[in-house]
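I have placed the structure first, in the form of structure tokens, so that the comments after it can refer back to it.
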Amino acid sequence: MINRIMRAARLHTPRQPLRIEEVPTPEPGAGEVLVQIDAAGICGTDLHFALEGALPVAALPLTLGHEAAGRVAAVGPGVRGLSEGKRVCCYPQWSCGRCRYCAAGREPLCLQAKTFGMTIDGAFAEYLVCPERALITLPDGVPFEIGAIVTDAVASPFHALRTRGDLRAGETVAVFGCGGLGYHAVKLARLMGASRIIAVDVSEGALKQARQAGADQVVSAAQEDAGKAIRALTDGVGVDLALEFVGRPETVRQTVKVLGRGGRAVVVGVGPGQPELPPLVSFVGKENALIASFGMDRRDMEDVLELIASGRLDLSDSVTARLPLSGINEGLRRLRQKEGDPIRIVIEPGREI
């Protein structure tokens, strides 16, 4: 039985703790599905909204959270492909399904997109309403907490590597920022055939985890100039593909700086700064590319889930901690302070303790 009232973690004022409140349980409309949330990952974006106030939200109060997996609790009129009890994970965006971008499979660019936990209420709650097209079946054997983090922490770097960065087997890759997304970028780049992976971070703990994920070399940006270090490691040649997961202008500059001839820099990190291009004579002369990568599409999520289900991608070490909904502020604090070098902290709304 579905209660008419549910608990949710609500942002009322940036830089203030989220409030655990009782709110009406949403009801699914035509083509919509009510999902009982079993797991929801805490992303750096949640941190930017809640504790830093660095990114604007559409309106307050707002329930945060956009990485979610759970079970179908109820379906609205017209839903044909899902039934109660079905295990699903949620595409983070409510896209229209009709515009030219949706038709081309580029859901992140939807002209009418609404993003859970950013422009509409999200997944740090006991229930979430999603359009049927936003739900992807979670394969048997894939735990809810893994399904939840796939929706962004894993699918986003996969999208950056494959769709935007066009990684080819045998190429050299540099990863700037080895938190949740960067850690998975290292692991995925290794799986996708990169011949050499260089990881960059200021945290020794994050660099240790990057090595465990498959990095061949690591560079501490806290101790040396990352650009010079990577140039030295590659005998002055540079890398074929560099990915930026930090969202700072200086890191973007370093990402472009380490490119070799024909190299591509893919920026995933989001922030308020404005980076600068290198001198055009070198940027153009080497046919370098600076590419943005935002989120993922459904195909990315489906393919990553298949890699996990088939045993080719092991994410058993990706969830650092699991907390009840009442622990959301503790989870945000741990992430902000990098306590224990978390890869992903997951909220389980159904847990009481």
Side-chain angles (χ1 to χ4, degrees), residues 1-10 18 20-28 32-43 46 63-76 79 81-94 116-117 120-132 134-155 180 298 301-302 304-306 308-309 313 315-332 335 342-353:
M1 181 176 178
I2 301 171
N3 293 326
R4 297 181 62 184
I5 300 296
M6 69 173 187
R7 295 179 305 139
R10 307 272 284 168
L18 302 187
I20 307 300
E21 299 179 333
E22 292 188 340
V23 298
T25 301
E27 297 183 5
E32 298 174 358
V33 176
L34 180 67
V35 178
Q36 182 176 350
I37 301 300
D38 282 271
I42 302 178
C43 177
D46 299 310
T63 302
L64 298 187
H66 58 271
E67 296 185 352
R71 292 162 287 176
V72 173
V75 299
V79 173
L82 294 169
S83 58
E84 291 184 26
K86 190 74 171 178
R87 302 171 76 248
V88 294
C89 56
C90 309
Y91 184 75
Q93 191 169 275
W94 191 307
F116 293 113
I120 55 176
D121 284 334
F124 293 151
E126 293 179 303
Y127 293 94
L128 178 70
V129 162
C130 302
E132 181 181 12
L135 297 176
I136 297 172
T137 300
L138 189 61
D140 293 338
V142 178
F144 287 115
E145 64 267 22
I146 299 300
I149 68 171
V150 160
T151 64
D152 186 6
V154 189
R298 281 182 54 96
M301 288 177 54
E302 292 167 347
V304 169
L305 287 171
E306 175 58 30
I308 299 168
L313 178 61
L315 299 181
S316 58
D317 295 331
S318 294
V319 178
T320 306
R322 300 169 179 82
L323 300 172
L325 186 62
S326 59
I328 181 64
N329 291 304
E330 171 66 12
L332 288 166
L335 182 60
I343 297 171
R344 255 316 183 255
I345 296 172
V346 169
I347 297 298
E348 297 177 336
R351 288 180 53 187
E352 294 298 328
I353 299 175

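These numbers were taken from a predicted model, which means no experiment stands behind them.
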Could you pull out all donor-acceptor pairs under 3.5 Å where a side-chain atom in residues 66-75 meets a protein atom, sequence neighbours excluded?
| unit_1 | atom_1 | unit_2 | atom_2 | d |
| --- | --- | --- | --- | --- |
| H66 | NE2 | D152 | OD2 | 2.8 |
| E67 | OE1 | R344 | NE | 3.1 |
| E67 | OE2 | A153 | N | 3.2 |
| E67 | OE2 | R344 | NE | 3.3 |
| E67 | OE2 | R344 | NH2 | 2.7 |
| R71 | NE | D38 | OD2 | 2.9 |
| R71 | NH2 | D38 | OD1 | 2.9 |
| R71 | NH2 | D38 | OD2 | 3.4 |

Is any side-chain heavy atom of [Y] closer than 4.5 Å to one of [X]?
| X | Y | answer |
| --- | --- | --- |
| I343 | V319 | no |
| I42 | V346 | no |
| P349 | I347 | yes |
| C90 | L135 | yes |
| D46 | F124 | yes |
| V88 | L138 | no |
| E32 | C130 | no |
| T25 | L34 | yes |

For this session: Any chance you could lay out the side chain to side chain contact (heavy atoms under 4.5 Å, CB included) test for I2 and Y127, step after step, and finish with the verdict?
Result: CA-CA 9 Å; I2 301 171; Y127 293 94; 4.0 Å; yes
Nearest 0.5 Å please: distance from the [atom1] atom of [X] over to the [atom2] atom of [Y].
| X | Y | atom1 | atom2 | value |
| --- | --- | --- | --- | --- |
| R298 | T151 | CZ | OG1 | 12.5 Å |
| I5 | E22 | CD1 | CD | 6.5 Å |
| L323 | E348 | CG | CD | 8.5 Å |
| E21 | R10 | CD | CZ | 6.0 Å |
| T63 | I120 | OG1 | CD1 | 10.5 Å |
| I149 | S318 | CD1 | OG | 4.5 Å |

Exercise. Hey, are R322 and E145 close enough for a salt bridge, meaning a charged N less than 4.0 Å from a carboxylate O?
Worked result: yes
For this session: Give the intermediate values and the outcome of side chain to side chain contact (heavy atoms under 4.5 Å, CB included) for residues C89 and L305.
Result: CA-CA 10 Å; C89 56; L305 287 171; 3.7 Å; yes
Please give me the minimum heavy-atom distance between [X] and [Y], naming the atom from each residue.
| X | Y | answer |
| --- | --- | --- |
| L128 | A123 | CD2-CB, 4.3 Å |
| A125 | L325 | N-CD1, 4.2 Å |
| L82 | E132 | N-OE2, 3.8 Å |
| V129 | P28 | CG2-N, 4.0 Å |

For this session: Using the side chain to side chain donor-acceptor pair (under 3.5 Å) rule, collect all pairs that involve residues 83-92, keeping only residues at least two apart or in two chains.
Result: none
Exercise. Can you name the residues that form a side chain to side chain contact (heavy atoms under 4.5 Å, CB included) with P24, not counting sequence neighbours?
Worked result: none
